[in-house]
Amino acid sequence: MNGIKTMAVANSEQLQNIFRQAQQEKNPVYLYRKPGDYGISLDVSNWNEVEAFDIDNLMIIVPPGILLRELNELVTAKGLRFIPADSPYLAGLSVGEWVYRGCPNLSSWKYGAGKHFLLGSSYVFPNGDVTDVGGKCIKNVSGYDLTRFLAGAYADFAVGVRFVLKLMPQPVCRRCYDVTTSSLEDVNQLVSALHSQPVPPAWLYWADTAAGSKLFAQQQAAHRIIFELDGNAAEVNDYAAAVDKLLMACKAEKAALPTALPDVSRLEEQAAGFWLLDEFKVPYPAINEFAEKATAVLAEFHWNGGLFGQLANGKIHLYVEKTDSRINSFIARLQTEAATLGGAASGKYERVYGGGSNGILAAIEKNFKQQLDPAQIFNPAAEVTK
């Protein structure tokens, strides 16, 4: 074996040829993953020219290499927005990697899952075949929803090479809150109160003291909650007046040192410690109990760490300062705790690292992948290195 070879890809034909050759040689091919000791690492960063921008029909067609930051700047200049890119939260991801990660959307509380903004796409499969799914309008999606199935997080079915994205107009007014509370009970009370309002915030992000201190590069002595209201001016102003009263009732105070929402695009690969995004889904009323369970398991393993995430939607992420060979057992424990509380595990950890439990679609996904990638050359699972 000759180590890792990086290959730039700028069109579908190049990618098809690479996959077909790799299948013959049983050579691993990596994209959006840390490569192993040998094989091919694909680079699609220069595959980034917009194919079409239909302002009248609120649609844009893009390749995999354009960054969400770049896409956001482009559509904002025209008075539009792509909701999953409408904050700095995932600004450093390319559109291709955003789809590969399962189309995460910070603003899902108000605007729905990120996959709803993916109207259609084209994929090159590990056997070299290429296919189109979905289309330029919702009516084109009938029968089995392959557009969203192929965007299953970290499922490693194929490489997305063309994406039809739904856009929306920019809101007239926005208002951002950055507050702290001393207890998770107060956090849950605030989220419950916001849930009772006619219109939810566009997004809400929470971090406990341990995770928040790392995320915001500020020592946190309390839970941090950052959220945004958007809409027309009258709607936002009326909602803000109600929110101000809720904050007082929930003992939330304005953060002493306001901060920006972090870009977590490269958190798992580049930040010190072990970070795991998008694994745990827990109903928000049970977050307090899940956090207590997680704290107890951390103490049992003698590890320091914390939790953070899109609290209102129940998407909980993990930070651990330092792990060891027991990490698979640790993750499995937290997956069990989430399920016991009525939540679920996405199966991302199992897909990426080969440990822990499977997601609910694991059997279907693995059978589908086996048909298209029998040699399992595309993104074979790695081991935890942190």
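Note that this is a predicted model, so its numbers are computed, not measured.
Considering CG of L257 and CD of Q219, their distance stands at 12.0 Å, rounded to 0.5 Å. Distance check, rounded to the nearest 0.5 Å: NE2 of H223 to OG of S183 gives 6.5 Å. We find the NE2-CG distance between H302 and D324 to be 10.5 Å, quoted to the nearest 0.5 Å. The CD atom of Q220 sits 8.0 Å away from atom OG1 of T259, with the distance rounded to the nearest 0.5 Å. The distance from atom CG of L93 to atom CZ of R101, rounded to the nearest 0.5 Å, is 4.5 Å. Rounded to the nearest 0.5 Å, atoms SG (C250) and CG (N188) are 10.0 Å apart.
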Run the side-chain contact (heavy atoms from CB on, under 4.5 Å) check on L261 and W203 step by step: do they pass? CA-CA 11 Å; L261 192 71; W203 51 263; 3.9 Å; yes
Under the criterion salt bridge (Lys or Arg N to Asp or Glu O under 4.0 Å), I'd like the reasoning laid out for E269 against K34: C-alpha separation, chi angles, the key distance, then a yes or no. CA-CA 8 Å; E269 299 93 347; K34 182 179 179 181; over 6 Å; no
Residue pair R224, D208: steps toward the salt bridge (Lys or Arg N to Asp or Glu O under 4.0 Å) verdict: CA-CA 6 Å; R224 193 72 167 264; D208 66 14; over 6 Å; no
Report the C-alpha distance between F19 and F378 in whole Å, list the side-chain angles of each, state the deciding distance to 0.1 Å, and finish with yes or no for ring-ring contact (aromatic ring centres under 6.0 Å, His included). CA-CA 9 Å; F19 269 135; F378 183 44; 5.6 Å; yes
Might you work through the ring-ring contact (aromatic ring centres under 6.0 Å, His included) test for F290 and F280, ending with a clear yes or no? CA-CA 10 Å; F290 179 73; F280 309 107; 5.7 Å; yes
Please step through salt bridge (Lys or Arg N to Asp or Glu O under 4.0 Å) for the pair R81 and D86, ending with a clear verdict. CA-CA 6 Å; R81 59 177 172 165; D86 195 40; 2.7 Å; yes
Using side-chain contact (heavy atoms from CB on, under 4.5 Å), reason through V75 and F53 one step at a time and then give a plain yes or no. CA-CA 9 Å; V75 300; F53 190 179; 3.9 Å; yes
For the pair Y30 and D156, evaluate side chain to side chain donor-acceptor pair (under 3.5 Å) and give the outcome as yes or no after the intermediate values. CA-CA 10 Å; Y30 298 91; D156 297 318; over 6 Å; no
Given D132 and S122, is the side chain to side chain donor-acceptor pair (under 3.5 Å) satisfied, shown in steps? CA-CA 4 Å; D132 301 326; S122 298; 2.5 Å; yes
Give the C-alpha distance, both sets of side-chain angles, the deciding distance and a yes or no for side-chain contact (heavy atoms from CB on, under 4.5 Å) between E279 and Q335. CA-CA 8 Å; E279 177 62 43; Q335 290 171 330; 3.0 Å; yes
I'd like to know whether D373 forms a side-chain contact (heavy atoms from CB on, under 4.5 Å) with N127, so could you lay out the CA-CA distance, the side-chain angles of the two residues, the decisive distance to 0.1 Å, and finally the verdict. CA-CA 6 Å; D373 185 14; N127 62 4; over 6 Å; no
Evaluate salt bridge (Lys or Arg N to Asp or Glu O under 4.0 Å) for K214 paired with E321, printing each intermediate quantity in order. CA-CA 10 Å; K214 298 297 182 180; E321 183 178 14; 5.2 Å; no
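Panel note: side chain N17, backbone E13; a donor-acceptor pair is recorded below 3.5 Å. The main-chain N or O of L80 is found under 3.5 Å from a side-chain atom of Q170 such that the two form a donor-acceptor pair. A donor-acceptor pair under 3.5 Å is absent between the side-chain atoms of D278 and the main chain of S346, judged by distance alone.
A 6.0 Å sphere centred on NZ of K315 holds more than 12 heavy atoms belonging to other residues, nucleotides or ligands. Around the CG atom of N46, the shell of radius 6.0 Å holds no more than 12 heavy atoms that belong to other residues, nucleotides or ligands. Other residues, nucleotides and ligands contribute more than 12 heavy atoms inside 6.0 Å of the NZ atom of K110. Surrounding CD of E300 are more than 12 heavy atoms belonging to other residues, nucleotides or ligands, all under 6.0 Å away.
Across all non-hydrogen atoms, the minimal contact from I4 to G36 is CG1-O, 3.3 Å. Scanning all heavy atoms of the two residues, the minimum distance from F301 to S329 falls at CZ-OG, 4.1 Å. Closest approach of S108 and Q310 over heavy atoms only: OG-NE2, 3.6 Å. Closest approach of A222 and T181 over heavy atoms only: CB-O, 3.2 Å. Across all non-hydrogen atoms, the minimal contact from Y239 to P201 is OH-CD, 3.4 Å. Nearest approach of I327 to T323, heavy atoms of both residues: CD1-CG2, 3.8 Å.
Inter-residue side-chain proximity for E185 and N288 is flagged as met; some heavy-atom pair is nearer than 4.5 Å. Residues W109 and L204 have side chains in contact (heavy-atom distance under 4.5 Å, counting atoms from C-beta outward). Contact annotation: the side chain of Y89 never approaches that of S265 to less than 4.5 Å [non-hydrogen atoms, C-beta and beyond]. A 4.5 Å side-chain heavy-atom check between I377 and Q23 finds at least one atom pair inside the cut-off. Side-chain atoms of V320 and N304, non-hydrogen and from C-beta on, never get closer than 4.5 Å to each other. When side chains are defined from C-beta on, F117 does not count as touching L165, because their heavy atoms never get closer than 4.5 Å. Put simply, the side chain of F330 reaches to within 4.5 Å of the side chain of L318, judged on heavy atoms. H317 is not listed as a side-chain neighbour of L307, based on a closest heavy-atom distance of 4.5 Å or more.
With hydrogens and angles left out, the side-chain atoms of N328 and Y349 include a donor and acceptor closer than 3.5 Å. Using a 3.5 Å distance cut-off with no hydrogens or angles, the side chains of Y177 and D244 do pair a donor with an acceptor. Between the side chains of T6 and D43, no donor-acceptor pair is found at a separation under 3.5 Å.
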Could you list the donor-acceptor pairs under 3.5 angstrom formed between side-chain atoms of residues 64-73 and any protein atom two or more places apart in sequence or on another chain?
| residue | atom | partner | partner atom | Å |
| --- | --- | --- | --- | --- |
| E70 | OE1 | L67 | N | 3.0 |

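Residues Y284 and H195 place their aromatic rings such that the two centres sit under 6.0 Å apart. Ring centroid separation for the pair F308 and W275 comes in under the 6.0 Å cut-off. Ring to ring, Y154 and Y100 are close: their centroids are under 6.0 angstrom apart. Aromatic ring centres of Y205 and F227 lie farther apart than the 6.0 Å criterion allows.
By the 4.0 Å N-to-carboxylate-O rule, R20 lies too far from E25 to be salt-bridged with it. Taking a cutoff of 4.0 Å between a charged side-chain nitrogen and a carboxylate oxygen, R162 and E51 qualify as a salt bridge.
Taking the six-membered ring where tryptophan is involved, the planes of F274 and Y353 are tilted, since the angle between them lies from 30° to 60°.
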